[in-house]
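So the structure is just underneath, and the comments pick up after that.
Values below: every heavy atom of this structure, side chains too, minus hydrogens, waters and symmetry copies. Throughout, numbering of the chain's residues begins at 1 and tracks the sequence.
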Amino acid sequence: MKELKIGRNDAGQRLDRFLAKAVPLLPASLAQKYIRLKRIKRNSQRAQRDDRLVEGDVLQLYINDEFFDTPSEENAYLTVSTPKLNIVYEDEHILLVDKKPGIAVHPHDGAEYGKTLIDHIQAYLYAKREWRPREENAFTPALCNRIDRNTGGIVIAAKTAEALRVMNQKIKDRELDKRYLAIVEGTPKPKSGTLKGYLFKDSVKNRVFVTEKPQAGSKSCETRYSVLESRNGLSLVECELITGRTHQIRAQFAHAGHPLLGDGKYGKLDKRFDRRYQALYSYKLTFCFSTEAGSLEYLNGKSFQVENVDFVDEYFRK
């Protein structure tokens, strides 16, 4: 419990508005709940959210110490009062989440404070009491893979330190099979094949370029694909990444003359279709461990899939 004494400059404010300034990590909805539950009191008496504070008042706050920390990227999860997650699978070690397009996975992707995927995952585990940050010396639930802000798909979150270590190694050793669905313009020929080339990343422009021959700073890129269906000048394609480069699928298909639908960065937006994000989704994940996986061995051979991909339903299931 902490006490806050109201001084001259704080007098006259409503209780809820004062709390928003004095305890910025405490979400407004949670503050109202705590007031209702008498976990926030005024002069040891029941308080109301619209009480006008008076100089000399003493507030008693029976809330977790975490809420009194200085706001930072590390504790942004506290500002999430109602975590919003589309959970594909969960157990004691990992969490598979279907990230929707438009959501950033990490703060450095330009997302607003407290609105990234990792913020919501940490808030979810904190609310379930599966993660108690005050009792951890170093571990924080973390993402094992990332997906671009405007791409959707399955993201893996580790709930334990061992799960994070093992999963990171498995991803590095390419012992996971990730499949993507994409809609491209035209129909690739042949209908099943492999796109190969070299990819150069321009960090200043935040985009990549594909070439047929290697150049300084470029890396090989390879994408296996299969056309599932074609209709109205568009093709639904399943892709498998042989290499995992930045924007690889988007850049390689654009280079091949078949840019992704809705991809304004590597293609040209088609006015016939109103899309906010590129039609690309990491829809299926299979664990294919060929080496020891420790506490995650039970996942070997298991496959998980997103049930509905919006652009598939919109353009190929009508």
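- Ion pair Glu130/Lys159 flagged as a salt bridge, since at least one NZ, NE, NH1 or NH2 atom sits closer than 4.0 Å to an Asp/Glu carboxylate oxygen.
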Which is it for Lys191 and Glu229 under the salt bridge (Lys or Arg N to Asp or Glu O under 4.0 Å) test, yes or no, and what are the steps along the way? CA-CA 10 Å; Lys191 289 191 173 182; Glu229 188 176 350; over 6 Å; no
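- Side-chain contact between Asn75 and Phe67 is absent, with no heavy-atom pair separated by less than 4.5 Å.
- With a 4.5 Å cut-off on side-chain heavy atoms, Gln305 and Lys284 count as touching.
- Thr211 is not listed as a side-chain neighbour of Lys213, based on a closest heavy-atom distance of 4.5 Å or more.
- Scanning for salt bridge (charged side-chain N to carboxylate O under 4.0 Å, His left out) contacts around Asp177 gives Arg179, with sequence neighbours left out.
- Residues Leu25 and Asp69 are in side-chain contact: their nearest non-hydrogen atoms beyond the backbone lie under 4.5 Å apart.
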Kindly determine whether Arg275 and Glu314 satisfy salt bridge (Lys or Arg N to Asp or Glu O under 4.0 Å), including the steps that lead there. CA-CA 11 Å; Arg275 286 202 60 80; Glu314 182 176 355; 3.7 Å; yes
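- Remark: the backbone N or O of Arg165 is not paired with any side-chain donor or acceptor of Asn168 at under 3.5 angstrom.
- For Arg134, the CZ atom sits in a packed shell: over 12 heavy atoms of surrounding residues, nucleotides or ligands are nearer than 6.0 Å.
- You'll find the ring centres of Phe200 and Phe209 outside the 6.0 Å limit.
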Could you go through Thr223 and Gln252, starting from their C-alpha distance and side-chain angles, then the distance that decides it, and tell me whether this counts as side-chain hydrogen bond (donor to acceptor under 3.5 Å, both in side chains)? CA-CA 8 Å; Thr223 301; Gln252 282 200 286; 2.6 Å; yes
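- The cationic group of Lys170 lies under 6.0 Å from the six-membered ring centre of Phe289 and within 45° of the ring axis, placing it in a cation-pi geometry.
- Lys268 has its side chain out of reach of Pro259: every pair of non-hydrogen atoms, C-beta onward, lies at least 4.5 Å apart.
- The distance between the ring centers of Tyr283 and Tyr281 does not fall below 6.0 angstrom.
- Ile242 and Leu199 fall into different hydrophobic clusters, where Ile, Leu, Val, Met, Phe, Trp and Tyr side chains are chained together by heavy-atom contacts under 4.5 Å.
- The side-chain hydrogen bond (donor to acceptor under 3.5 Å, both in side chains) analysis of residues 78-88, with sequence neighbours excluded, yields the pairs Ser29-Ser81.
- Considering only residues two or more places apart in sequence or on other chains, Asp148 meets the side-chain hydrogen bond (donor to acceptor under 3.5 Å, both in side chains) condition with His247.
- Below 30°, between 30° and 60°, or above 60°: for Tyr298 and His93 the angle between ring planes is between 30° and 60°, a tilted geometry.
- Using a 3.5 Å distance cut-off with no hydrogens or angles, the side chains of Thr140 and Gln122 do not pair a donor with an acceptor.
- Side-chain contact of Glu162 with Thr160: a donor-acceptor pair under 3.5 Å is absent, judged by distance alone.
- Proximity of Pro188 to Ser235: side-chain heavy atoms (C-beta onward) are separated by under 4.5 Å at one or more points.
- Geometrically, Lys2 engages Phe68 in a cation-pi contact defined by less than 6.0 Å to the ring centre and at most 45° from the axis.
- Under the 4.5 angstrom side-chain criterion for Ile, Leu, Val, Met, Phe, Trp and Tyr, the cluster partners of Tyr225 are Tyr180, Val184, Leu195, Val227, Val237, Leu241, Ile249, Phe253, Leu260, Leu280.
- Leu53 approaches Leu59 most closely through the heavy-atom pair CD2-CD2, 4.1 Å.
- Across Leu181 and Val309, no two heavy atoms sit closer than the pair CD1-CG2, 4.2 Å.
- Side-chain contact between Arg207 and Tyr266 is present, with at least one heavy-atom pair separated by less than 4.5 Å.
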Show me the donor-acceptor pairs within less than 3.5 Å that the side chains of residues 9-23 make with the rest of the protein, sequence neighbours left out.
from  : atom 1 : to    : atom 2 : distance (Å)
Gln13 : OE1    : Lys21 : NZ     : 3.2
Gln13 : NE2    : Asp10 : O      : 3.4
Arg14 : NE     : Asp16 : OD1    : 3.1
Arg14 : NH2    : Asp16 : OD2    : 2.6
Asp16 : OD2    : Arg49 : NE     : 3.4

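- Centroid-to-centroid, the aromatic rings of Tyr315 and Phe273 come within less than 6.0 Å.
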Test side chain to side chain contact (heavy atoms under 4.5 Å, CB included) on Leu296 and Phe287; report intermediate values, then the result. CA-CA 10 Å; Leu296 301 186; Phe287 297 99; over 6 Å; no
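- Between the side chains of Asp91 and Tyr89, at least one donor N or O sits under 3.5 Å from an acceptor N or O.
- Leu285 places a side-chain heavy atom less than 4.5 Å from the side chain of Lys178.
- Nearest approach of Met167 to Ile94, heavy atoms of both residues: CE-CG2, 4.2 Å.
- In terms of heavy atoms, Thr187 sits closest to Ser230 at OG1-OG, 3.3 Å.
- Lys99 contributes no side-chain N or O that, together with a main-chain N or O of Ala104, makes up a donor-acceptor pair within less than 3.5 Å.
- Between Cys144 and Ile171, the closest heavy-atom pair is O-CD1, 3.3 Å.
- Linking ILVMFWY side-chain heavy atoms closer than 4.5 Å, directly or via other members, places Leu125 and Val105 in a single hydrophobic cluster.
- Note: Tyr126 and Trp131 have perpendicular aromatic rings, judged against thresholds of 30 and 60 degrees for the angle between ring planes.
- In this structure, the side chain of Asp51 does not engage the main chain of Ala47 through any donor-acceptor pair within 3.5 Å.
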Let me see the working for Leu261 and Tyr277 under side chain to side chain contact (heavy atoms under 4.5 Å, CB included), right down to the final yes or no. CA-CA 8 Å; Leu261 179 66; Tyr277 311 113; over 6 Å; no
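- Within 6.0 Å of CD in Glu307 there are 12 or fewer heavy atoms belonging to other residues, nucleotides or ligands.
- Contact record, Ala158 with Ala163: CB-C, 4.0 Å, taken as the closest heavy-atom pair.
- When atom types are taken as modelled, the side chain of Asp98 and the backbone of Val88 share no donor-acceptor pair closer than 3.5 angstrom.
- For His106 and Glu73, the side-chain atoms include no donor-acceptor pair closer than 3.5 Å.
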Applying salt bridge (Lys or Arg N to Asp or Glu O under 4.0 Å) to Lys5 and Asp57, what does each step give before you reach the verdict? CA-CA 6 Å; Lys5 187 172 183 179; Asp57 278 348; over 6 Å; no
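- At most 12 non-hydrogen atoms from other residues, nucleotides or ligands lie less than 6.0 angstrom from NZ of Lys201.
- Ile6 and Tyr62 end up in different hydrophobic clusters when Ile, Leu, Val, Met, Phe, Trp and Tyr side chains are linked at under 4.5 Å.
- Judged purely by atom type and a 3.5 angstrom limit, Gln60 uses its side chain to pair as donor or acceptor with the backbone of Ser44.
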Can Ile121 and Leu143 be said to form a side chain to side chain contact (heavy atoms under 4.5 Å, CB included), step by step? CA-CA 9 Å; Ile121 288 174; Leu143 303 182; 3.6 Å; yes
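- Using a 4.0 Å cut-off between charged side-chain N and carboxylate O, Asp263 and Arg250 make a salt bridge.
- In terms of modelled atom types and a separation under 3.5 Å, the side chain of Asn145 and the main chain of Ile156 share a donor-acceptor contact.
- Taking Arg224 as the reference, Glu240 meet the salt bridge (charged side-chain N to carboxylate O under 4.0 Å, His left out) condition, with sequence neighbours excluded.
- Residue Lys196 qualifies as open at atom NZ: its count of foreign heavy atoms under 6.0 Å is 12 or below.
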